[in-house]
There are 2 protein chains.
Amino acid sequence: MAGRRTDTRERIQRVALELFAEQGYEGSSLREIAERLNVTKAALYYHFRTKEDIVSSLLEGWGAALDDLLERETGPAELITAYAGLVESRFGPVIGLVQRNTSALKAIAAGAGLADRMLRLHERLRGGSADPESDLRARLALVAVQLNSAEGGPRTPSDVALAVALDVLSPDGKAAGAGT
Amino acid sequence: MAGRRTDTRERIQRVALELFAEQGYEGSSLREIAERLNVTKAALYYHFRTKEDIVSSLLEGWGAALDDLLERETGPAELITAYAGLVESRFGPVIGLVQRNTSALKAIAAGAGLADRMLRLHERLRGGSADPESDLRARLALVAVQLNSAEGGPRTPSDVALAVALDVLSPDGKAAGAGT
DNA sequence: GTCTATAAGTGGATAGAC
DNA sequence: GTCTATCCACTTATAGAC
């Protein structure tokens, strides 16, 4: 695994992520990716079977990390905290991509899979309470920690984002949705 | 104005919005729009100069409504309330479109114009306070009222969404950002 | 206002040489 | 592992008849 001689596959992924972030998934062509790498389109096809494979490979790590998260049996607060850690440490750019290309990516298996996991995370986050307000608050908490994702630079310090997310999820004053 | 004999232009807009919502802007072709309308592509070009013109015409009303909103000299709470009214009464589907096709639409003049107006609205919403937390809260308030936009049906009752938005913007306990 | 026909270009993808 | 050359489906857009 670590003994490979070239890193072209990784370079393709890096450049593709760059380009998709700038112009969107459908707005970026394989020709452009190849040009920026100074190779030909055909070379890309040695490393990836299709264009969809390229973007899927980009989403892969994020999907796996979400699965890890969903397996833990922690409560809402710990869940959103761990989620914030993932966003901050590694997956910000990928999340930004997903968020700005929702329509384009929902037509792709890996994209639909991510949407599914986010839905499950959302359910776990609102815990037992299924009322509309808790539902909305759980969504907003997720948005709070990922709003920064990849637009020119981090805007909200990550600790502030997490604090707001936690407060939005369970506003002080009202005890968190422990009743019922 | 009210005396036109055909409504083809409006029918094109209706079908285009439908299709863009289902498959995204770049994922929908003029051929598909024409087919769903039982006309030919060429007919579309009688009513709109380009594909971009079609989507721009869809965003137009929303842009104008935002300009109206920005001209009023009201405070944050009134602003978000009025915004929620617009989302609820007329522009939900359009906002959903914008939100799910951010990348694709930023390459379009009308789309970039909308992003600009949202930025100004966000600034007005956080009023004088420029600290990271107020900034994030202002963004979240906007998200709160528009999260429902066009996915199969309204999820959060609009009054609940507005209440949460107002609370997120200025959590009770802390007085709203009225001082400097 | 809508049609047929077609231009002109791009896209993703493959074959086969090196 | 990368190249040249090519294919073909499909796109936006236009010309001109009806």
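Side chains included, hydrogens not; waters and symmetry mates left out as well; all remaining heavy atoms used. These numbers come from a predicted model, not from an experiment. Below, chains carry the letters A, B, ... as their sequence lines are ordered, and counting in each starts from 1.
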(message) Nearest 0.5 Å, please: how far is OG in A:S170 from CZ in A:R126?
(response) 14.0 Å

(message) Measure CG/A:L30 against C1'/D:dT2 and give the value in whole Å, please.
(response) 16 Å

(request) Tell me which of A:H47 and A:K41 sits closer to the 5' end of DNA chain D, going by the nucleotide each one is nearest to. (result) A:H47

(request) Could you tell me the separation between the CG atom of B:D53 and the P atom of D:dA13, rounded to a whole number of Å? (result) 9 Å

(message) Does this structure show an ion pair linking B:E133 with B:R137, if we count only N-O contacts that are shorter than 4.0 Å?
(response) yes

(message) Measure CG/B:L37 against P/C:dC3 and give the value in whole Å, please.
(response) 10 Å

(request) Spell out, yes or no, whether B:L121 and B:V164 are grouped together once hydrophobic residues are joined by side-chain heavy atoms under 4.5 Å, including indirect joins. (result) no

(message) Please report the distance, rounded to the nearest Å, between CD in B:E32 and P in D:dA9.
(response) 17 Å

(request) Find which nucleotide of DNA chain C each of B:A43 and A:E26 is nearest to by heavy atoms, and output the residue with the more 5' nucleotide. (result) B:A43

(message) Tell me whether the side-chain N/O atoms of A:T40 come closer than 4.0 Å to OP1 or OP2 in D:dT2.
(response) no

(request) Return the nearest nucleotide to the side chain of B:K51; candidates are D:dT11, D:dT12, D:dC3. (result) D:dT12

(request) Report the nucleotide, chosen from D:dG1, D:dT14, C:dA13, that has the shortest atom-to-atom distance to any side-chain atom of B:A42. (result) D:dT14

(message) Could you tell me how far apart A:L44 (CG) and D:dT2 (P) are, to the nearest whole angstrom?
(response) 10 Å

(request) Apply the side chain to side chain contact (heavy atoms under 4.5 Å, CB included) test between A:L79 and each candidate in A:L125, A:L142, A:L169, A:L70; give the one that qualifies. (result) A:L125

(request) Please tell me which of the listed nucleotides, D:dG1, C:dA13, D:dC3, lies nearest to the side chain of A:V39? (result) D:dC3

(request) May I ask you to evaluate whether A:T8 reaches the phosphate of D:dG1, defined as a side-chain N or O under 4.0 Å from OP1 or OP2? (result) no

(message) From the set C:dG12, D:dA13, D:dT2, return the single nucleotide nearest to any side-chain atom of A:Y45.
(response) C:dG12

(message) Less than 4.0 angstrom between a side-chain N/O of B:R31 and OP1 or OP2 of D:dC10, yes or no?
(response) no

(request) Return the value, rounded to whole Å, for the distance between atom CD of B:E52 and atom C1' of D:dT11. (result) 15 Å

(request) Using a cut-off of strictly less than 4.0 Å, decide whether A:Y46 has a side-chain nitrogen or oxygen near OP1 or OP2 of D:dT2. (result) no

(message) Rounded to whole Å, how long is the line connecting atom CZ of B:R49 with atom P of D:dT12?
(response) 15 Å

(request) Rounded to the nearest angstrom, tell me the gap between atom CZ in A:R11 and atom C1' in D:dG1. (result) 12 Å

(message) Whether A:K51 engages the ring of A:Y45 as a cation-pi pair (distance to the six-membered ring centre under 6.0 angstrom, angle to the ring normal within 45°) should be assessed.
(response) no

(message) Regarding B:S29, tell me which of base, sugar-phosphate or nothing describes its non-hydrogen contacts under 4.0 Å with the strands shown.
(response) sugar-phosphate

